[in-house]
Amino acid sequence: MNLRQLGSTGPRVSALGLGAMGMSGMYGPADEAESIATVHASLDAGVTLIDTGDFYGMGHNELLIRDALRSSGRDRGEVAVSVKFGALRDADGGWLGNDARPQAVKNFLAYSLRRLGTDYIDIYRPARLDPAVPIEETVGAIAEMVQAGHVRHIGLSEVGAETIRRAHAVHPIADLQIEYSLISRGLEAEILPTTRELGIGITAYGVLSRGLISGHWKADQPVAPGDFRGVSPRFSAGNIDTNLALVEALRAVAEAKGASVAQTAIAWVLAQGEDIVPLVGARRRDRLTEALGALDLKLDAADLQAIEAAVPAGAAAGDRYIAAQMAHLDSEK
Ligand SMILES: NC(=O)c1ccc[n+]([C@@H]2O[C@H](COP(=O)([O-])OP(=O)(O)OC[C@H]3O[C@@H](n4cnc5c(N)ncnc54)[C@H](OP(=O)(O)O)[C@@H]3O)[C@@H](O)[C@H]2O)c1
C-alpha cells in the first residue's frame, strides 16, 4: 500500500482511507457482520486510516469500529482513527445544528474515547463550523486535548479558506476533510491553494459522490427510508438523468483503460496531488476490493484530459446537499 503524508504535521497514512459512515445507516440499513468484515479486509489490504463521526448512528459507528479493531487483533498504533464531532441529532435521526463550544468539545471527546475503547484519537475535528463559536475557541479546546494526550492531531471539515487560516494560526492543522470528486470541485479555486500554502493535507470524501458516479447507480434504484440519497438533490428526479449521462461518458473512458467507473473516479482524485487521501465509503468487501483497484490505475495526461472532457468541471446537476445543509457549509460561502 502506498502511503501519503497528511499535511506537514499530520500522520503518514495509506493512500486510500476507509470512511465508515455508510455502516451506520446513512445509506439505509447496513449489515453489521459484513461491515466488520469490510474493516478487517481493509486493514489486511494495508489501509491505515479509518474515518468516523460520533453522530454516525449516534455512537453506533464508533462502537462498530471499536469491535472491528478489537477483533482484528491489531495494535492500536497500526490504525489512525479520525473522528468528527459537533453535529447534533434527535432520536429520529434529524439534524439539530452543531455545537463546537470548548466544553462541548471536551464532552464529545470523552464519550468518543469511551465508545472507541481507546485513550487517544489520531485526528479530531469539528464536522462543521459552529457559527456561534469562533474557530479559535474550538481549535483551542482541541489543542488542550492534544496537550493532555487525548488527541494526536487536529483536523477540520468543510470550512473555507479564511477559517482554515484562523484555525491553523492557533494550532497546526493536519488535514481538511472536504467533498472532492469529478463532480464536486468547489475546493479547487481557493481552498486547495490555501491548504497547500499552509502545509495541510486533504482527506477527500464523496469521491464517488455517494455512489452516484460509481457506475453502479441506476436512475430507478429503490432507496430505503433514511438513505441520504433519497433526499440528495443530485439523485433527485430533475437531476439524475443529467448526472448519469456524465457517468456513461466516464464509463467509456474507464472501459478503454480496462478499469471500472468507480476505480477511474477514485484514481482521478488520487491523481490530483500527493497531499490528497480519498476516503472510500465501502461498506461491503466487494465494493472495497473494487475501490482498492484504483491504486493500481495510473492515469497519464491524456487519460486525465479524456476524463475532463467526459465530466467537465461544474457539469453536475444539483447541489451536493439540500439547502438547509448547504447553509452549514462554511466551505461554500
Ligand atoms: N466531513 C464530512 O462532512 C463528510 C461527509 C460525508 C462523508 N464523510 C466521510 O467520508 C466517507 C466517504 O464518504 P461517502 O460514503 O459519502 O462517499 P463515497 O465513497 O462517494 O460513497 C460511498 C457509497 O458509494 C457506493 N459505492 C459503489 N461502488 C463503490 C465502491 N467500489 N467503493 C465504495 N463505495 C461504492 C456505496 O453505496 P452502496 O453500499 O449503497 O452500494 C457506498 O456506500 C464517509 O464514510 C465518511 O467517513 C465525511
Side-chain angles (χ1 to χ4, degrees), residues 16-31 34-35 38-39 41-42 45 47 49-57 61-62 64-65 81-87 95 98 123-129 155-159 175-184 187 202-218 221-224 226-230 232 234-235 247 254 259-269 277-295 297 320-321 325-326 328-332:
L16 276 189
L18 180 69
M21 181 181 81
M23 298 174 180
S24 296
M26 211 70 85
Y27 297 134
D31 179 305
E34 181 60 28
S35 295
T38 304
V39 174
S42 71
V47 169
L49 174 65
I50 298 184
D51 182 69
T52 181
D54 61 10
F55 47 88
Y56 291 163
N61 206 242
E62 291 178 317
L64 183 110
I65 288 169
V81 180
S82 150
V83 180
K84 295 181 291 300
F85 68 88
W95 298 90
N98 290 276
I123 315 175
Y124 200 51
R125 71 185 82 241
R128 297 287 180 266
L129 180 68
L156 296 170
S157 170
E158 287 289 0
V159 291
D175 71 305
L176 169 69
Q177 196 171 107
I178 190 162
E179 187 164 354
Y180 193 19
S181 73
L182 272 164
I183 63 167
S184 299
L187 79 167
I202 296 284
T203 41
Y205 77 83
V207 292
L208 297 177
S209 197
R210 298 147 184 293
L212 176 61
I213 61 166
S214 66
H216 300 295
W217 194 265
K218 307 264 184 313
Q221 190 146 329
V223 178
D227 188 328
F228 172 89
R229 298 170 292 199
S232 166
R234 288 187 171 168
F235 290 82
V247 175
S260 74
V261 179
Q263 288 166 343
T264 309
I266 298 167
W268 180 87
V269 177
V277 173
L279 297 170
V280 293
R283 53 184 178 163
R284 299 189 339 227
R285 284 168 289 180
D286 58 342
R287 298 290 203 225
L288 174 75
T289 303
E290 181 187 25
L292 289 167
L295 292 164
L297 179 59
R320 51 199 185 96
Y321 286 95
Q325 292 180 349
M326 286 295 282
H328 288 297
L329 298 180
D330 183 60
S331 51
E332 293 281 348

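Indexing begins at 1, ligand by ligand and atom by atom, following the structure's order. Starting from 1, each residue takes its place in the sequence as its number. Since this is a predicted model, take the numbers as computed values, not measurements.
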Nearest-contact summary for atom 2 (C) of ligand 1 - protein heavy atom, Å: Y205 CE2, 3.2 Å
So which of G206, S181, S331, G19 gets nearest to atom 13 (O) of ligand 1, if we judge by its closest heavy atom? G206
Check the pair N61, M23 against side-chain contact (heavy atoms from CB on, under 4.5 Å), reporting the backbone distance first and the verdict last. CA-CA 7 Å; N61 206 242; M23 298 174 180; 4.0 Å; yes
Going by distance only, is there an N or O of A262 that falls short of 3.5 Å from an N or O of ligand 1? no
N/O separation below 3.5 Å, D51 to ligand 1: yes
Taking both backbone and side-chain atoms of T52, is any N or O found less than 3.5 Å from an N or O belonging to ligand 1? no
Of the side chain and backbone of K84, name the one, both, or neither that has a heavy atom under 4.0 Å from an atom of ligand 1. side chain
Identity and separation of the nearest protein heavy atom to atom 44 (C) of ligand 1: M21 CB, 3.6 Å
Could a heavy atom of A20 be found less than 4.0 Å from some atom of ligand 1? yes
Please indicate whether any nitrogen or oxygen in R284 is less than 3.5 Å from any nitrogen or oxygen in ligand 1. no
G281 versus ligand 1: do any nitrogen or oxygen atoms come within less than 3.5 Å of each other? yes
Test item, Y321 contacting ligand 1 (heavy atom, 4.0 angstrom): yes
Any idea which protein heavy atom is nearest atom 31 (N) of ligand 1, and the distance to it? E290 OE1, 2.7 Å
Identify whether NZ of Lys or CZ of Arg in R125 sits under 6.0 Å from the centre of the six-membered ring of Y205 and within 45° of that ring's axis. no
Heavy-atom proximity to atom 27 (C) of ligand 1, best of P126, A30, G28, S214: S214
Can you list the steps and then say if R320 with E158 is a salt bridge (Lys or Arg N to Asp or Glu O under 4.0 Å)? CA-CA 12 Å; R320 51 199 185 96; E158 287 289 0; 2.7 Å; yes
Write down the atom of V83, the atom of D54, and the distance for their closest heavy-atom approach. CG1-N, 4.3 Å
Please write down residue, atom name and distance for the protein heavy atom closest to atom 16 (O) of ligand 1. Y27 OH, 2.4 Å
Is there a donor-acceptor contact under 3.5 Å linking the side chains of S184 and R234? yes
Does NZ or CZ of R210 come closer than 6.0 Å to the centre of the six-membered ring of F228, within 45° of the ring's axis? yes
Has R229 got any heavy atom lying under 4.0 angstrom from an atom of ligand 1? yes
Using a 4.0 Å heavy-atom cut-off, which part of R283 comes near ligand 1: side chain, backbone, both, or neither? side chain
Option passing salt bridge (charged side-chain N to carboxylate O under 4.0 Å, His left out) with E34 (candidates R284, R283, R285): R285
For atom 32 (N) of ligand 1, what is the closest protein heavy atom, and at what distance to 0.1 Å? R287 O, 3.3 Å
Heavy atom under 4.0 Å from ligand 1: found in Q263's side chain, backbone, both, or neither? neither
With a 4.0 Å cut-off on heavy atoms, is R128 in contact with ligand 1? yes
Is it the case that ligand 1 has an N or O less than 3.5 angstrom from some N or O of G22? no
On a heavy-atom basis, which atom in I123 and which in D175 lie closest, and how many Å separate them? CG2-OD1, 3.4 Å
In ligand 1, the atoms that come under 4.0 Å of a heavy atom of L279 are 10 (O), 12 (C)
Any heavy atom of A282 under 4.0 Å from ligand 1? The part involved is both
Suppose we measure from atom 48 (C) of ligand 1 to each protein heavy atom; which comes out shortest, and what is that distance? Q177 OE1, 3.1 Å
Purely on distance, is any nitrogen or oxygen of G211 under 3.5 Å from one on ligand 1? yes
With the threshold set at under 4.0 angstrom, would you say Y56 reaches ligand 1 through any of its heavy atoms? yes
With only distance considered, is L208 within less than 3.5 Å of ligand 1 through an N or O on each side? yes
May I ask you to decide if the ring planes of W95 and F55 are parallel, tilted or perpendicular, using 30° and 60° as cut-offs? perpendicular
